[in-house]
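Structure, as structure tokens:
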2 protein chains.
Amino acid sequence: MAAPARIWNQQQLSREARLVRAAKVLGKDLSGKAVPADRIADLLHTVIETGDRVCLEGNNQKQADFLAKALAALDPARVNRLHMLQSVVALPEHLDVFDKGIASRLDFSFSGPQAGRMAKLVASGQIQIGAIHTYLELFGRYFIDLTPRVSLITAEAADRQGNLYTGPNTEDTPAIVEATAFKSGIVIAQVNQILDALPRVDIPADWVDFTVQAPTPNYIEPLFTRDPAQISEIQVLMAMMAIKGIYAEYEVDRLNHGIGFDTAAIELILPTYAESLGLCGKIARHWALNPHPALIPAIEAGFVESVHSFGSELGMENYIRSRPDVFFVGPDGSMRSNRAFCQAAGHYACDMFIGSTLQIDLQGNSSTATAGRISGFGGAPNMGSDARGRRHASNAWLKAGRQARDGKNLIPRGQKLVVQMVETFREHMQPAFVEKLDAWRLAEQAGMAIPPVMIYGDDVTHILTEEGIANLLLCRTDEEREQAIRGVAGYTPIGLGRDKRMVENLRDRGIVQRAEDLGIDKRMATRDLLAAKSMKDLVRASGGLYDPPRRFRNW
Amino acid sequence: MAAPARIWNQQQLSREARLVRAAKVLGKDLSGKAVPADRIADLLHTVIETGDRVCLEGNNQKQADFLAKALAALDPARVNRLHMLQSVVALPEHLDVFDKGIASRLDFSFSGPQAGRMAKLVASGQIQIGAIHTYLELFGRYFIDLTPRVSLITAEAADRQGNLYTGPNTEDTPAIVEATAFKSGIVIAQVNQILDALPRVDIPADWVDFTVQAPTPNYIEPLFTRDPAQISEIQVLMAMMAIKGIYAEYEVDRLNHGIGFDTAAIELILPTYAESLGLCGKIARHWALNPHPALIPAIEAGFVESVHSFGSELGMENYIRSRPDVFFVGPDGSMRSNRAFCQAAGHYACDMFIGSTLQIDLQGNSSTATAGRISGFGGAPNMGSDARGRRHASNAWLKAGRQARDGKNLIPRGQKLVVQMVETFREHMQPAFVEKLDAWRLAEQAGMAIPPVMIYGDDVTHILTEEGIANLLLCRTDEEREQAIRGVAGYTPIGLGRDKRMVENLRDRGIVQRAEDLGIDKRMATRDLLAAKSMKDLVRASGGLYDPPRRFRNW
């Protein structure tokens, strides 16, 4: 029964060997953990081995862009067959590593801007996709079967010891570093500056092996900024229906909003329309949300008690610093975001997810996948699914659960509200409602085991269009569900294919609701309801604290 | 549109005021962040205010017991109406604070040892329960609507600056501290020692306000240790059915085991029975699991590639240190556990949860709640629910999804395996199968909105008893599901009430499987199959590295 002669610390030995090699190669250039930027290729060639799982940090916001470039510039004869782990595939370099034969396998969550090129590289066999994940799922796998050997991360600053300061964009860093550092992996951080004393410590020095001051600050995308000037009156109408028909109806107090103009419109009519309905302090008090500039008027009006964020948003730094009762900030005054915790909170501590989509089928399955583009879904599947492990009750959750189970012989259970908000026609007059999702075709093209659905029909509780709200919780048969969806699908072929009598019957039963059924006067649905009508209005609402990135300024 | 005259940093101001008071009261005793143990009452009286939300750390394993005692000794005339947030209510002091009128409200996850007394305090109105949560759900709410004002935590050591070293029992600390420290709350840590240099940093100093060296090391319960000597042959038989009928059948490679002798039996026959089936390297390679001593023989036999843990287990320290390829360890050689990440991994990165329960009803709902005891469920609801946000595929997940949806007009989707394992009769010949869960009566007694179900029937995929396996995925009607459950309920009234012809039909269709249907020879189901039959065997299997707590030693 003695232990067999097996080596049980191969990972530690491999780590030590890599560190020794690095010290030898970098020699006198290595000062503590700091590596000069011009030695990055030598460092990466020395500590990364062929076949390694390499996590490259980057999300919707901050990007380890210097390290991404350095990785893409490695010699594929020396380092190849890397298995890349990435929250987001956003930069050209993220795909260059596959094009050049440095990496061959990829597990990721989202690839919006690179979705088309990725599909081509998959078709040519240069990328093998492990799987597409929702963020928290990918982080979970870092601790189970996809633990990184090397992680390339980014932070605002490091000190001489290697402690890291992330500033407001903490984002995915803690999850990545913890999985790597505590499994004998190697953590390399690009930083914008090296300081003698950090404003605060976000990642302790002994979790970090190397720091390198990048020649330029890491790239950050202001992805969650929406110019109110671009919000249409149809979006105002849909926002009114959302507030009166769903937020007020279910007393939705803790929530997450997806990205886009549809939800920005909701944020912007909280201080006007929702206020006029007497809803301040009764709905939308607690948020799992990036610091959307469109939320400023609602915060100023006292609607919002707290916001915990996945990441930050460019230009919101001073506003956040000045509203610490609302946001999570450190002793230095800047935000601490955390994608892992915020996703957990979005899943388990919110009563509602509301977001946009591209396509919805007759079962209510929705997807942003389109043929020829492998894009992933980011956080939506996690937020937009019923949290079946949830056990705490709230009015919203209990009411949704009652509606879903009423008359069925089932033990009581609550349910999360998952609302898909979509105009019946999207750009180029493409109908949003379809017989069959493009996801089926993409699955075939890319050899996926099942079609990439963003939110499954059995998790969707409401579909909201300019024509009205379909409450899927109240549907009792597949046919009712189909007609409820057709009943809000407007003039699309799906909408025109409705059984008019059945839809009227569903309307009588409150399963389909029009604006007028909700007592909404459509004439009120104008841009006048928006608490801010332009970027400049947002700046004003913030008392000058919000400082939009240049591209959003037209003054 | 100027910002109204509202104070936006009340939390920061309140924090500052508390820190100033503490500095004044403690005066010369305050050395940096360190407070002498005998001044703890003064510290708590000064920094905790009536009505505060106070998070008191403690889980199945480590307990901030010194701080719990100190809190219970406060003057209720000075501090009262506290809202307690706790993963686990385990110590008498956890309820004393309610008995004495110091606290009045409680949100928590688990209260095993104090469940009876808690029910009495709820009945007498001394405890208002906010809600019972699964751990990750409670952590999520710390960032949304239950952010702590003061957190009382525990660590192995602090340095003079206030950096904390948790040792292997990191557990809930990172989640609690992050939510508190970054919302202007106050973090007080009891530590076993104050050191000049820490073996590693688990929590950075600037997230911690006060450290106090407790007179005795924090209490740690070896909750996950099961003496193999107490495993019965029935449990060996059930373990064989689990391995052949579920692990092998679905190729279950990433998993979590619940606590108890049923799953310990499975762990102990991996190197014998599963090995004889040629399953080494094919099943059970990646685990989200505390370091169960019963897993040692499977690790030594090469079954296990990795284990990420919620917490640690007393006596396993040296074994873990010597098996760093398997466990997550820090540069100091001791484990880094993390309940939040491990729960996320258990939810999203595992294909199966298998665990025991007390009661199962005819819909497959299961619960450990019994009348007169408010106990909660810890991590089971999170692990034992279908992760509907999951998007990555595996053979196990796809097969379960196919079985559930085969013949239904639904878009393909995978599903998590959730197995409830139970002997048909539990202690005192109480049947495990019931018409109605005790949870209904408890809900009435305690004024809960809905009955406290641990795992809902629509998430359970298999029920495993000594009579066989009921595969609920394959059931197509409520009646089939009921008869499948009756078909493995043995001689309980529920089992005796079966429709024998229908159960035989289900057996023909593979929905109910007996040991013989699986090709299992029941005569093999003896304790000889256990790779370790005693605690001493476990020590031997570990090459002397496992050092069981005294209570488990009878030599």
Side-chain angles (χ1 to χ4, degrees), chain A residues 1-3 8-12 131-134 136-137 139-141 143-145 182-184 200-201 204 206 254 286 288 300 308 322-325 328-331 336 341 344-345 348-349 363 365 381-382 385-386 388-393 398 411-413 449-450 453 456 459 540-541 543, chain B residues 1-3 8-12 131-134 136-137 139-141 143-145 182-184 200-201 204 206 254 286 288 300 308 322-325 328-331 336 341 344-345 348-349 363 365 381-382 385-386 388-393 398 411-413 449-450 453 456 459 540-541 543:
Chain A
M1 292 285 273
W8 290 98
N9 62 339
Q10 298 187 51
Q11 292 165 7
Q12 286 177 347
I132 306 177
H133 309 74
T134 191
L136 193 57
E137 174 186 14
F139 300 156
R141 292 191 72 187
F143 294 91
I144 299 292
D145 62 334
F182 290 95
K183 204 77 201 314
S184 306
R200 71 173 191 241
V201 174
D206 54 11
R254 300 173 300 162
H286 300 285
E300 296 301 307
H308 186 259
S322 305
R323 299 292 179 265
D325 283 350
F328 282 72
V329 301
R336 165 99 173 178
F341 280 132
Y348 269 130
Q363 296 179 342
N365 300 302
N382 174 62
S385 58
D386 187 29
R388 295 165 78 94
R390 174 174 165 178
R391 293 295 179 271
H392 77 279
L398 288 171
I411 200 160
R413 182 174 192 169
I450 56 176
V453 172
Y456 282 89
D459 283 320
R540 267 192 225 109
Chain B
M1 290 286 272
W8 291 97
N9 63 338
Q10 298 186 51
Q11 292 165 7
Q12 285 177 346
I132 307 177
H133 309 74
T134 191
L136 193 57
E137 175 186 13
F139 301 156
R141 291 191 73 187
F143 294 91
I144 300 292
D145 63 334
F182 290 94
K183 204 76 203 313
S184 306
R200 72 173 191 242
V201 174
D206 55 10
R254 301 173 299 162
H286 300 285
E300 296 301 307
H308 186 257
S322 305
R323 299 292 179 267
D325 284 351
F328 282 70
V329 301
R336 165 98 172 179
F341 281 132
Y348 269 130
Q363 296 179 342
N365 300 302
N382 174 62
S385 58
D386 186 29
R388 295 166 78 96
R390 174 174 165 177
R391 293 293 178 272
H392 77 281
L398 288 172
I411 201 160
R413 181 175 193 167
I450 56 177
V453 172
Y456 282 90
D459 282 320
R540 267 191 226 108

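Lettering of chains follows the sequences in order, A, B, ..., and the numbering in each one begins at 1. Keep in mind that what you see is a predicted model, and the values were worked out from it rather than measured.
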Name the option with the most non-hydrogen atom pairs under 4.5 Å to chain A; the candidates are B/His133, B/His286, B/Arg336, B/Arg254. B/Arg336
With only heavy atoms counted, which part of B/Phe139 is less than 4.5 Å from chain A, the side chain, the backbone, both or neither? neither
Those residues at least two apart in sequence (or on a different chain) that pass side chain to side chain donor-acceptor pair (under 3.5 Å) with B/Gln12 are none
Minimum heavy-atom separation for B/Lys183 to A/Pro324, with atom names? CE-O, 3.6 Å
Contact check, side chains of B/Arg413 and A/Val453, non-hydrogen atoms, under 4.5 Å: no
Checking B/Asp145 against chain A: side chain, backbone, both or neither under 4.5 Å from a heavy atom? both
Best-contacting candidate, A/Gln10, A/His308, A/Glu137, against chain B by heavy atom pairs under 4.5 angstrom: A/Glu137
Go through the atoms of A/Asn382 and report whether side chain, backbone, both or neither lie under 4.5 Å from a heavy atom of chain B. both
Let's test your reading of the structure: which of B/Pro331, B/Ala131, B/Pro204 forms the most heavy-atom pairs below 4.5 Å with chain A? B/Pro204
Do you know which of A/Thr134, A/Ile450, A/Leu398, A/Asp386 has the most heavy-atom pairs with chain B at a distance under 4.5 angstrom? A/Ile450
Determine the minimum heavy-atom distance between B/Ser322 and A/Trp8, stating which atoms define it. O-CB, 3.3 Å
On a heavy-atom basis, which atom in B/Phe182 and which in A/Gly330 lie closest, and how many Å separate them? CD2-CA, 3.4 Å
Among A/Asp325, A/Asp206, A/Asp459, residue most engaged with chain B (heavy-atom pairs, under 4.5 Å): A/Asp325
Which heavy-atom pair separates B/Ala393 from A/Ala449 by the least distance, and what is that distance? CB-CB, 4.4 Å
With under 30° as parallel and over 60° as perpendicular, where do the rings of B/Phe341 and A/Phe341 fit, or are they tilted in between? parallel
Closest heavy-atom pair and its distance - A/Phe143, B/Ala345: CB-CB, 4.4 Å
Atom group of A/Ala288 that falls short of 4.5 Å from chain B, counting heavy atoms: both
